[in-house]
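Reading through the structure tokens given below for one structure.
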Amino acid sequence: MNGETAIDEGRLNTRLPHKLTLISIVGMLVIWVLVALIAGKNEIGNRMVPGPIDVATAFPQFANYWTGDLGVTATQVGGEVTWQGTVLGLFYNTFLTLVHAVGGVVIGTVLGLLLAVATSWWSPIRQALAFPAHFVRLLPLLAMAPLFALWFGGENHTGAVLFVALTAFAFVFPIGLAAIASVPPYYEQYARSLGASGLQSYLRVIVPAAIPGIRGGVTLAVGFGWSAAIVAEYMTYPYGLGAIVKNAAFFGSTDLLGALALLTLCLAATSFVLVRSLLDWVTRWAE
Amino acid sequence: MAGLTQEAGEAASQGRPPAIELRNVSQQFRLESGKKVQALDNVSLKVEPGEFLCVLGPSGHGKSTMLNIVAGFLQPNSGEVLAGGKPVTGPGADRGVVFQRDTVFMWKSVADNVAFGMKARGVPKAEREEKVERYLRHIGLEQYGEEWPKQLSGGMRRRVAIATVFANEPDVLLMDEPFVGLDYARRSALHKVLMDLWAESQRSVLFVTHDIDEALALADRIVVVVKGQVVLEERLSMPRPRGVAEITGDEAVEIRGRLLEQLDPEASGVV
């Protein structure tokens with residue numbers, strides 16, 4: 001071995017020490033409470049900025065968004081607000097949003113990656129698509145949500161899923177193109193000098209080499225997928241967390257809006273951690 | 001060490017075309033400013049079968065351009081390049097390249113890297129596995145076959161790149177300053193690995209370097225390229241393996257003197 005040793009390159013631990021993390025969380029809670037107290041209340045007595053207790057006590061309102069059955073009657077037809085109704089309302093609407101978010105992100109990401117890989121194969125096409133790719137990134141996506149309701153109707157999942165898919169695509173496709181374009185040319189030269197054909201070099205060398213550059217686009221797509229799903233439901237769909245946001249805003253229920261924000265934050269953070277773990281595994285070979 | 005010398009190389013080459021032949025090759029580049037740079041100027045050169053040829057010269061004087069043209073990565077403005085008597089029209093498995101840069105595929109295990117060329121060319125799995133094992137043993141990395149390249153040091157990755165190219169059994173190896181940036185000990189270790197593989201395979205090597213000691217340690221023949229032209233050719237008859245005693249001996253000192261004369265900025269106008 002001539003004195004050479006294998007180097008197991010562990011990642012540097014960049015996390016803040018636990019104590020500092022705890023202090024920052026407590027600090028944020030204190031600021032949140034202070035802002036809630038200072039901001040005052042609206043005409044119907046809800047705080048303009050809901051405090052932590054307002055948010056916690058708003059969760060039973062999810063019972064109002066349970067459509068009934070499984071032994072729990074919907075409140076719209078005379079049922080009581082119960083913890084079972086709260087749990088069912090919470091899970092039912094979260095599940096719908098999850099379907100829209102995950103379905104859309106998966107479709108948009110897969111399509112974005114496939115199209116980026118397919119169109120990067122031939123450099124003239126890649127160059128020709130450089131401007132449209134930037135154009136997709138600049139699309140006013142949120143303003144386009146109502147179009148999906150018009151195109152696909154507001155009572156089915158199609159419009160919401162496809163809107164989220166467009167959002168994910170808008171992140172993944174241009175970043176995929178850029179990642180493939182930035183693979184150093186000597187990788188392909190090396191592969192060709194080893195006897196690989198053009199297609200083999202592309203699929204076995206250039207595309208894998210681009211994966212670490214693509215992971216940022218996928219992570220962004222997941223993060224924005226939740227927001228896009230809520231926007232789609234807000235504008236097009238009668239159920240899901242986005243539909244609850246619409247009702248809560250209509251009735252000035254700032255506490256419920258706060259609860260929805262907290263719930264969405266938890267969902268997005270969980271999905272982010274899961275996707276990052278998956279991407280860490282996929283790129284476990286990268287330095 | 002088998003001690004494959006220039007004489008042995010010439011014997012092996014009897015009746016065979018040169019492994020590589022450059023005929024009046026010129027290459028010009030146009031810079032962003034519009035200025036033209038003559039990277040190669042009417043270069044003619046042969047690499048005989050089994051020969052280890054070192055191309056020595058200052059940085060930016062056409063060595064790598066020559067190698068890229070032989071590899072088929074560049075088409076010369078004029079002249080002709082032949083590999084085994086056939087015109088070079090592009091990259092090919094008959095001319096394996098070891099780059100100055102780290103080209104090991106990070107997403108493939110060490111063993112899969114070594115097997116890459118063979119797999120691309122459709123070599124049967126059993127034969128691939130046998131060769132991978134053999135070449136990993138040659139380079140002293142047999143216990144690292146299943147590891148990712150990121151777990152290896154820089155020197156170990158260079159060995160993987162060399163094993164990958166040798167395992168693919170090209171007719172000619174083209175090496176573009178493959179050991180640049182390594183310390184003396186690692187470089188010497190890699191020289192030994194390279195010499196062992198070369199002696200066993202008896203393939204031709206075109207080795208680009210700017211390091212005189214490296215050229216003296218490895219070459220059957222050294223050509224000096226300055227300003228895109230071959231300005232000196234030296235044949236070496238020193239025995240192998242060449243250690244400190246050989247590359248500081250009388251023959252080496254004489255050759256070194258002549259090489260330095262060509263590379264001296266004041267004498268040759270090198271910049």
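In what follows, chains are A, B, ... by sequence order, proteins preceding strands, each numbered from 1.
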> Relative to each other, are the rings of Y135(B) and H138(B) parallel, tilted or perpendicular (30° and 60° limits)?
Replying inline: tilted

> Taking the six-membered ring for Trp, is the centroid-to-centroid distance between F116(B) and W107(B) below 6.0 Å?
Replying inline: no

> What residue in S197(A), P208(A), A196(A), P184(A) has the most heavy-atom pairs under 4.5 Å with chain B?
Replying inline: P208(A)

> Is it the backbone or the side chain of R101(B) that comes under 4.5 Å from a heavy atom of chain A, or both, or neither?
Replying inline: side chain

>> Centre-to-centre under 6.0 Å for F169(A) and F173(A), is that the case here?
In response: yes

>> Between N168(B), T103(B), L174(B), who has the most heavy-atom pairs with chain A when the cutoff is under 4.5 Å?
In response: T103(B)

> Quick one: what part of Q189(A) sits under 4.5 Å from any heavy atom of chain B, side chain, backbone, both or neither?
Replying inline: both

> How many angstroms lie between atom CG of L197(B) and atom CZ of R159(B), to the nearest 0.5 angstrom?
Replying inline: 11.0 Å

> For V104(B), is it the side chain, the backbone, both or neither that has a heavy atom under 4.5 Å from a heavy atom of chain A?
Replying inline: backbone

> For D176(B), is it the side chain, the backbone, both, or neither that has a heavy atom closer than 4.5 Å to a heavy atom of chain A?
Replying inline: neither

>> Any carboxylate oxygen within less than 4.0 angstrom of a Lys/Arg side-chain nitrogen, looking at K131(B) and E169(B)?
In response: yes

> Heavy-atom distance under 4.5 Å to chain A: side chain of S188(B), backbone, both or neither?
Replying inline: neither

> Which distance, rounded to the nearest 0.5 Å, do you find between the CH2 of W148(B) and the CG of N113(B)?
Replying inline: 10.0 Å

